[in-house]
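The block underneath contains the structure these notes are about, expressed in structure tokens.
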2 protein chains.
Amino acid sequence: MATRAELREELIKAGIRPSVQRLAIFEYVRQSCQHPTAEVVYEALCDELGSLSLTTVYNTLKLFVDAGLISMLTIDDTFRCFDGNRCCHAHFRCNNCGKIVDLQMKEDFISLVEGLDGYKITDAQLYLKGLCPACKNKK
Amino acid sequence: MATRAELREELIKAGIRPSVQRLAIFEYVRQSCQHPTAEVVYEALCDELGSLSLTTVYNTLKLFVDAGLISMLTIDDTFRCFDGNRCCHAHFRCNNCGKIVDLQMKEDFISLVEGLDGYKITDAQLYLKGLCPACKNKK
DNA sequence: TTATATATTTGCAATGATTACAAAAATGAA
DNA sequence: TTCATTTTTGTAATCATTGCAAATATATAA
């Protein structure tokens, strides 16, 4: 769990000026295990920051994604969500309850992909979908 | 390359009545290596079928995805595209030119995921993003 | 400090892919 | 044929996301 000062340093190192809004958004996404959407980030930080614009949240999240500081997940095709967990992991989305969970990997999945000579890879996501144990038992 | 009769049988086996529209859409997505969007499928088949509704294309593609006959890709976060290739493979999307290409796998990537006991997996997608060789050289 | 340029935030309007809906057409059963 | 069911269609609505221009904050220079 990084401190606020460490997160600030990380932004600066990435060439991003740590404004109040940016630092709050960065901290929120990095600490969350919930894969929040832009809307969720906005709702969560509105009070804390006094005021905040949804546009700022969208712009800032995009800034972080482009800088490689967080990832954007498109596992749900109706909205994007964001992930501050920097360890290599896969995601599972339950088709019934919609929950998105992290799954550990035995090894980095990029090593299994063939024919990547000449490519520059900046992002990799492994998405699994189906039924989570709870929903599977209900049916 | 499956014949039209084989594709028809596959629909019936999946419990889907092979209407003219459905068979044409199924054939198009299965034969294409281009990961078409609903709009692309619609444009391609409008003439062939005389008339066609974009709503039908959307509904039909969803029907096929739910039946496990084709996959939906969300590698590009601004639109969905569809993939009729049933072999296990990964996808790469170039951040510069937008091209989506298939990549072979040394082995099925699901085997690398831990903690799947109790889950029912119905879909798995591995997405890589970055620069393709051509775009990488240009920069 | 003050003035000026630059970067950031904000609110609202616009965008566009996708879906809801209800009518029309096609198909199957009796 | 008649009736019920399934499928298709066109249009309107939805809603997550973006464009844009004004307002605000921050950094730099003098």
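Being a predicted model, the structure only gives us computed values, none of them experimental. In the text below, chain A, chain B and the rest are named by the order of the sequence lines, each starting its count at 1.
- Of the residues in residues 30-48 of chain B, none has a non-hydrogen atom less than 4.0 angstrom from any atom of DNA chain D.
- The distance from the CD atom of Gln34(B) to the OH atom of Tyr28(B) is 7.5 Å, given to the nearest 0.5 Å.
- Between the CD atom of Gln21(A) and the P atom of dA25(D) there is a distance of 10 Å, given to the nearest Å.
- A 4.5 Å side-chain heavy-atom check between Arg86(A) and Arg30(A) finds at least one atom pair inside the cut-off.
- In this structure, Ser19(B) reaches the dT8(D) phosphate: one of its side-chain N or O atoms is under 4.0 Å from OP1 or OP2.
- A straight line from CG of Leu61(B) to C1' of dT8(D) spans 14 Å, rounded to a whole angstrom.
- Cluster membership for Tyr58(A) and Leu69(A), using ILVMFWY side-chain heavy atoms within less than 4.5 angstrom, is shared.
- Checking the phosphate oxygens (OP1, OP2) of dT26(D), no side-chain nitrogen or oxygen of Arg17(A) falls inside 4.0 Å.
- For Tyr58(A) and dT17(D), the shortest distance from a side-chain N or O to OP1 or OP2 is below 4.0 Å.
- Placement of Ile75(B) and Leu112(A) in two distinct hydrophobic clusters is found when ILVMFWY residues are connected by side-chain heavy-atom separations under 4.5 Å, directly or transitively.
- In this structure, the CG atom of Asn59(A) is 10 Å from the C1' atom of dT17(D), given to the nearest Å.
- Ring planes of Phe92(A) and Tyr119(B): perpendicular class, angle over 60° (limits at 30 and 60°).
- Side-chain contact between Val101(A) and His89(A) is absent, with no heavy-atom pair separated by less than 4.5 Å.
- Listed in residue order, the members of residues 69-81 of chain B having a heavy atom less than 4.0 Å from DNA chain C are Thr78(B), Phe79(B), Arg80(B).
- Residues Val113(A) and Met105(A) share a hydrophobic cluster, clusters being chains of Ile/Leu/Val/Met/Phe/Trp/Tyr side chains in contact below 4.5 Å.
- Thr56(B) has a side-chain polar atom (N or O) that falls below the 4.0 Å cut-off from OP1 or OP2 of dT9(D).
- Rounded to a whole Å, the CG atom of Leu54(B) is 13 Å from the C1' atom of dT8(D).
- The Thr55(B) side chain lies nearest to dG10(D) when the options are dT18(D), dG10(D), dT8(D).
- Ring-plane geometry between Tyr127(B) and His91(B) is classed as tilted, the angle between the planes lying from 30 to 60 degrees on a 0 to 90 degree scale.
- No side-chain donor from either of His35(A) and Asn85(A) sits under 3.5 Å from a side-chain acceptor of the other.
- Using a 4.0 Å cutoff to heavy atoms of chain A, the contacted part of DNA chain C runs 5' to 3' from dA7(C) to dC12(C).
- Counting heavy atoms from C-beta outward, Ile70(B) and Phe26(B) have side chains that approach closer than 4.5 Å.
- Within the 4.5 Å cutoff, side-chain heavy atoms of Glu39(B) are placed close to those of Glu43(B).
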